[in-house]
Amino acid sequence: MTYQLIRSAQPGSILERFACAASHVWQAGYEQPFIQELRQGILSQERFTWYMIQDRLYLDDYANVHALAFASCTHSTIQQDLAHALGDIAHELATVHDTYTQVFGISEQRITHAVQSAAARAYTTSMLETAYRGNTLEILVALLPCAWVYADYGARLAQELGDAVHGHPYEQWISTYAADDFWDASQWLRDDITLLAQQATEVEIQRLEQMFVQGVDLERVFWASAYEMQAGWNF
Ligand SMILES: Cc1ncc(CO)c(N)n1
């Protein structure tokens, strides 16, 4: 089945090609228990808290990938975009995370002592590997699933919930990612990828496509491990 994106790419664009290739994992990610229970408002607070802590750790790595992309880049407008994006990540941390640390009472100490789960580490290690070894286009494509999957799932959840989003236990989370602001904040990423991809060969594009599909699936795995509350380590 083909997943119909709410936050879609321009027909015929390189981005549409990536999304098409990822269609099955995109759908599987949306259908998984974490997202479906979140939609229904029945996801346990314990699971959500576990996720939030992992996400805090994740966003630190995510910010570092932007910094490394900046360092890889000789294009001054792309550098400006990356510097700006770092500011947006700080904003995301402040709005979503501070609310939930207050609402769900997650202590700063618990976050400081948290260990990144094996699944989360698999995701960030893969992004960081690209960030250390790849060129700017590859690093930007490594970042693309993060921005796009959240914007699309958020918009889909908001669309399916309609008015029921008001007063929903996870309203703030859903509204943050459903917002046009969140989608617009990553427009630079889609534009810069489109620009740089004009110089890429077909073989390079195919590798990027594969990397994108893997990234979308790693987003799914990240939520799945949070649902199971599986650290995946024995220490
Ligand atoms: C794991 C993950 N991916 C993407 C986002 C969106 O920024 C996030 N907060 N967490």
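We're numbering straight along the sequence, starting at 1.
- Between Phe48 and Phe34, the angle of the ring planes stays under 30°, which puts this pair in the parallel group of the 30/60° scheme.
- Atom OG of residue Ser117 and atom CD of residue Glu228 lie 12.0 Å apart, to the nearest 0.5 angstrom.
- Gln116 and Tyr58 form no side-chain donor-acceptor contact under 3.5 Å, judged by distance and modelled atom types alone.
- Side-chain contact annotation: Gln187 with Arg190, donor-acceptor N/O pair under 3.5 Å present.
- The nearest pair of heavy atoms linking Asp192 to Leu140 is CB-CD1, 3.9 Å.
- The residues Glu108 and Arg56 are annotated as salt-bridged, a charged nitrogen and a carboxylate oxygen being separated by less than 4.0 angstrom.
- Pairing each heavy atom of Ala178 with each of Gly154, the nearest pair is CB-O, 3.3 Å.
- A distance of 6.5 Å separates CG of Leu157 from CD1 of Ile35, quoted to the nearest 0.5 Å.
- Using a cut-off of 4.0 Å between Lys/Arg side-chain N and Asp/Glu carboxylate O, Glu138 and Arg207 are scored as salt-bridged.
- Here the closest non-hydrogen pair linking Val115 and Phe235 is CG1-CE1, 3.9 Å.
- For His66 and Tyr62, the ring centers sit closer than 6.0 Å to each other.
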request  = Show the numbers, then the answer: is there a side chain to side chain contact (heavy atoms under 4.5 Å, CB included) between Leu218 and Met127?
outcome  = CA-CA 10 Å; Leu218 283 163; Met127 279 200 297; over 6 Å; no
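- Side-chain atoms of Gln210 and Gln206 form no donor-acceptor pair, as typed in the model, at a separation below 3.5 Å.
- Remark: aromatic rings of Phe212 and Trp148 are close, center separation under 6.0 Å.
- Here the shortest heavy-atom pairing between Met211 and Ala142 reads SD-N, 4.0 Å.
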key: Tyr123 vs Cys146, side chain to side chain contact (heavy atoms under 4.5 Å, CB included): CA-CA, chis, key distance, verdict   = CA-CA 10 Å; Tyr123 190 10; Cys146 322; 3.2 Å; yes
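- Aromatic ring centres of Tyr227 and Trp223: separated by at least 6.0 Å.
- For an aromatic pair to be called close, the ring centres must be under 6.0 Å apart, and Tyr150 with Phe182 fails this.
- More than 12 heavy-atom neighbours from other residues, nucleotides or ligands sit within 6.0 angstrom of CG on Asp184.
- In this pair, Tyr170 and His168 present their aromatic rings tilted. The plane angle is within the 30 to 60° band.
- For the pair Gln54 (side chain) and Phe222 (backbone), a donor-acceptor distance under 3.5 Å is absent.
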